[in-house]
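Below: one structure, written as structure tokens.
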Amino acid sequence: MRLSRYFLPILREVPKEAEIVSHRLMLRAGMVRQESAGIYAWLPLGLRVLNKVCAIVREEQNRAGAIELLMPTIQSADLWRESGRYDDYGKEMLRIRDRHEREMLFGPTNEEMITEIVRGYVKSYKSLPLNLYHIQWKFRDEVRPRFGVYRSREFLMKDAYSFDLDAEGARHSYNKMFVAYLRTFSRMGLKAIPMVADTGPIGGNLSHEFIILASTGESEVFCHADYLDKAVPGAGTDFEDRAGLQGLVDQWTELYAATSEKHDSDAFGAIPEPRRLAARGIEVGHIFYFGTKYSAPFGAKVQGPDGAEHMIHMGSYGIGPSRLVAALIEASHDEAGIVWPEAVAPFRVGILNLKTGDSATDAACEDLYARLVAAGIDVLYDDTDERAGAKFASADLIGLPWQILVGPKSLAAGKVELKRRVDGTRELVSPDDVLERLTA
RNA sequence: CGGAGCAUAGCGCAGCCCGGUAGCGCAUCUGCUUUGGGAGCAGAGGGUCGCAGGUUCGAAUCCUGCUGCUCCGACCA
């Protein structure tokens, strides 16, 4: 992409409403624009990151055996009356009437709908286990939206719902998601720690929150420091190996880790003092097992091998990609701007033409650009006639992991500079070597 | 939902107390000079002063109502 043709409204000054660093940087980097309290338009740069986050979420959900579908944003009130949550949910639910005065709502979650869908088709234990997920916009009419897309009213959510014949099967489904979550966050460059969680209004008795550590996090968390160095299960993990998967989950839950709501100071105190970690954290995922809480009121049951009818055991598993984008920035930024992990960077590489109009510099940039594009690399070519300093500032602000600085100085020696955003280091290398390095 | 505050150009703000035909910085556009860490000079464009009423010869400014947004607290993927 040529910057001169792109839509990247960078702000030099910070809109005053932005309090936390991720919100400020997202506005400055031209990633989002507020349209209403807690409602945002995703501008091209922000959308690129959001899509990359979703792609990783999808890959790991699919790897763990979950199947994607797509449910609507608008649901009927009747569906929610069936579970009894229409009245319970309160003012957080955005209620709407259509032209026929039918009561509708903008979905805050989809347990009811997915249960209704499965009830309609699944009649035999042979169809189980089943895990269906979708990535869809949701709306919760928060009393006080804040922190940009971190706590917005409209937000993108991946929610998966598992269906099993019995509690043991459900436990296995839970473990699949548990491992999938470890992998998902790890691939985004985050260290996410599963913590024992309150099951909240959704209910159930088995639940973990996935927390990443960030000084700006809103919850207080306590855990064993060994979690920070734990190896995440590999891509070759056999998700059908029940015992093996349980072993992985056990490894990841045997050490102490809890949010302040579930904090047990005795257990925490039992950790050797130097390994005690009290920090602030951001919740980026939450998984639940809730048994027959929804299948019972919906009459979602299957016939088992014994010929009898069994209530389906369910779990649900959420990740908020829109929130994750903010969380990623909270976890990775500096004074100059965002420091994207490569896996989610809007563009992996930036080419900075430090002297637009100079024929040698222009030619070298065009050549590099063409070759990187041909190699299938996401590259943003700053071909504008801004001064070098402004280009450095912009590239650092939007967090491009690799920046190729092309100017007359280094070009005189047949070189360009390859700069790493994460530590600011630069190397003088030939254009051919840059290609080599970035495509390796 | 309790408490506090704000609303003037794309962004950040001044002007309001004390009414008199709307201003600054950044951004944008044109020209010239610059050109390796957010350049300089000269010029230009851009605003129903959140909305609706009222007071007044005259309202961004005073009064009333409304709307939107932000912050603190309780709640929350």
Side-chain angles (χ1 to χ4, degrees), chain A residues 9-20 23-24 27-28 30 33-39 57 89-93 107-111 135-160 181 197-202 207-212 218-219 259 261 282-288 316-327 335-337 352-358 361 382 384-398 403-412 416-417 419 424 426 428:
Chain A
I10 285 178
L11 270 41
R12 194 188 288 203
E13 284 168 285
V14 193
K16 64 169 178 181
E17 74 268 15
E19 283 294 306
I20 63 169
H23 191 195
R24 280 204 297 272
L27 291 171
R28 286 197 58 210
R33 177 183 174 83
Q34 179 168 330
E35 293 297 339
S36 235
I39 299 177
V57 168
Y89 221 92
K91 291 188 171 179
E92 282 211 342
M93 179 184 278
T109 181
N110 287 72
E111 278 89 2
I135 298 178
Q136 178 61 290
W137 293 94
K138 303 205 178 315
F139 195 92
R140 289 183 196 167
D141 201 355
E142 296 276 346
V143 188
R144 192 183 160 209
R146 62 185 130 172
F147 304 150
V149 298
Y150 181 73
R151 161 130 321 127
S152 50
R153 292 196 292 171
E154 187 182 59
F155 56 99
L156 192 59
M157 178 91 160
K158 183 286 298 182
D159 38 340
Y181 275 36
D198 209 352
T199 50
I202 297 180
S207 173
H208 285 90
E209 285 179 11
F210 286 75
I211 304 274
I212 60 171
E218 60 181 345
S219 42
T259 59
E261 301 90 54
I282 299 177
E283 182 184 350
V284 291
H286 203 159
I287 61 179
F288 294 94
S316 82
Y317 316 90
I319 292 179
S322 51
R323 158 178 282 197
L324 249 180
V325 173
E335 290 72 32
L352 278 62
N353 186 336
L354 301 184
K355 191 164 185 178
T356 310
D358 177 277
T361 322
D382 191 344
T384 63
D385 53 10
E386 285 294 315
R387 297 162 64 86
K391 293 189 180 186
F392 293 138
S394 294
D396 284 348
L397 172 63
I398 66 175
Q403 299 167 20
I404 307 172
L405 316 183
V406 184
K409 277 187 188 174
S410 47
L411 220 46
V416 297
E417 281 173 274
K419 173 180 160 183
R426 299 175 180 196
L428 268 178

| task | Return yes if some donor-acceptor pair links the side-chain N/O of A:Lys158 with the main-chain N/O of A:Pro321 below 3.5 Å, else return no. | result | no
| task | Would you mind pulling out the nucleotide paired to B:A74, Watson-Crick or G-U wobble, both distances under 3.5 Å? | result | none
| message | Rounded to whole Å, how long is the line connecting atom CD of A:Glu209 with atom P of B:C76? | response | 11 Å
| task | Give me the ring orientation class for A:Phe288 and A:His286: parallel if the planes are under 30° apart, tilted from 30 to 60°, perpendicular past 60°. | result | parallel
| task | Round to a whole Å and report the spacing from CZ of A:Arg153 to C1' of B:C69. | result | 11 Å
| Do the side chains of A:Val14 and A:Arg28 get nearer than 4.5 Å, heavy atoms only? | yes
| task | For B:U33 versus B:U70, give the span between their C1' atoms, rounded off to a whole number of Å. | result | 44 Å
| query | CD1 of A:Ile287 versus C1' of B:A77: gap in Å, rounded? | reply | 14 Å
| Of A:Arg12 and A:Glu35, the one whose closest RNA chain B nucleotide lies more 5' | A:Arg12
| Does any non-hydrogen side-chain atom of A:Thr384 lie less than 4.5 Å from one of A:Thr356? | no
| Does A:Arg146 have any side-chain hydrogen bond (donor to acceptor under 3.5 Å, both in side chains) partners at least two apart in sequence or in another chain, and if so, which? | none
| query | So does A:Arg28 reach the base of B:G38 with its side chain, donor to acceptor, closer than 3.5 Å? | reply | yes
| note | Taking a pair to mean Watson-Crick or G-U wobble geometry with both distances below 3.5 Å, B:A52 pairs with B:U64
| task | Using both distances under 3.5 Å as the test, list the Watson-Crick or G-U wobble partner of B:G19, or none. | result | none
| Across all strands, who's sitting opposite B:G38 as a Watson-Crick or G-U wobble pair, both distances under 3.5 Å? | none
| said: Only pairs with both distances under 3.5 Å count, Watson-Crick or wobble alike; so what is the partner of B:G25 in this structure? | reply: B:C11
| Sugar-phosphate only, base, or nothing, as touched by A:Lys91 at under 4.0 Å among non-hydrogen atoms | sugar-phosphate
| message | I'd like to know if A:Arg151 reaches the base of B:C76 with its side chain, counting only an N/O donor and acceptor under 3.5 Å. | response | yes
| A:Arg426 atom CZ, neighbour heavy-atom count above 12 within 6.0 Å | yes
| request: Would you please name every residue forming a ring-ring contact (aromatic ring centres under 6.0 Å, His included) with A:Phe392, sequence neighbours left out? | output: none
| With rounding to whole Å, what would you report as the distance between B:A14 and B:G58 at their P atoms? | 30 Å
| task | Rounded to the nearest angstrom, tell me the gap between atom CE in A:Met157 and atom C1' in B:A77. | result | 4 Å
| Residues in side-chain hydrogen bond (donor to acceptor under 3.5 Å, both in side chains) with A:Asp358, at least two apart? | A:Thr361
Pairs under 3.5 angstrom, nitrogen or oxygen only, protein versus nucleotides 70-72 of chain B, please.
residue : atom : partner  : partner atom : Å
B:U70   : OP1  : A:Gln34  : NE2          : 3.0
B:C72   : OP2  : A:Arg144 : NH1          : 3.2
B:C72   : OP2  : A:Arg144 : NH2          : 2.0

| With rounding to whole Å, what would you report as the distance between B:G12 and B:U30 at their P atoms? | 25 Å
| message | Taking only the C1' atom of each, what is the distance from B:U55 to B:G47 in whole angstrom? | response | 26 Å
| field | Length of the CD-C1' vector between A:Glu142 and B:G73, whole Å | value | 15 Å
| Pairing partner (Watson-Crick or G-U wobble, both distances under 3.5 angstrom) of B:G5 | B:C69
| query | If you look at every strand shown and take non-hydrogen atoms under 4.0 Å, does A:Ser219 touch a base, only sugar-phosphate, or nothing? | reply | nothing
| Which pair of heavy atoms, one from A:Gln403 and one from A:Ala395, lies closest together, and at what distance? | NE2-O, 3.5 Å
| message | Could you work out, with ring-ring contact (aromatic ring centres under 6.0 Å, His included) as the rule, every residue matching A:Tyr181, not counting sequence neighbours? | response | A:Phe185, A:Phe210
| task | Can you tell me the distance, in whole Å, between the CD atom of A:Glu13 and the C1' atom of B:C13? | result | 9 Å
| For the pair made of CD1 in A:Ile39 and C1' in B:C69, what is the distance, rounded to whole Å? | 13 Å
| request: Using a 4.0 Å cut-off on protein heavy atoms (strictly under), produce a 5'-to-3' string for nucleotides 28-37 of chain B with B for base contact, S for backbone-only sugar-phosphate contact, and - for none. | output: ------BSBB
| said: If I pick the C1' atom on B:A52 and the same atom on B:A7, what distance separates them, to the nearest angstrom? | reply: 16 Å
| query | If you measure from the C1' atom in B:C13 to the same atom in B:G20, how many Å do you get, rounded? | reply | 24 Å
| Touch check for A:Val284, heavy atoms < 4.0 angstrom, all strands: base, sugar-phosphate only, or nothing? | nothing
| When the C1' atoms of B:C71 and B:U64 are considered, how many whole Å apart are they? | 26 Å
| task | State whether the side chain of A:Arg153 and the backbone N or O of A:Arg140 hold a donor-acceptor pair below 3.5 Å, judged by distance alone. | result | no
| query | Roughly how many Å is it from CZ in A:Arg24 to P in B:C11, rounded to a whole number? | reply | 18 Å
| message | Using the C1' atom as the point on both nucleotides, what is the distance between B:G46 and B:C26, in whole Å? | response | 14 Å
| message | Any side-chain to backbone donor/acceptor pair from A:Arg323 onto A:Val149? Under 3.5 Å, distance only. | response | no
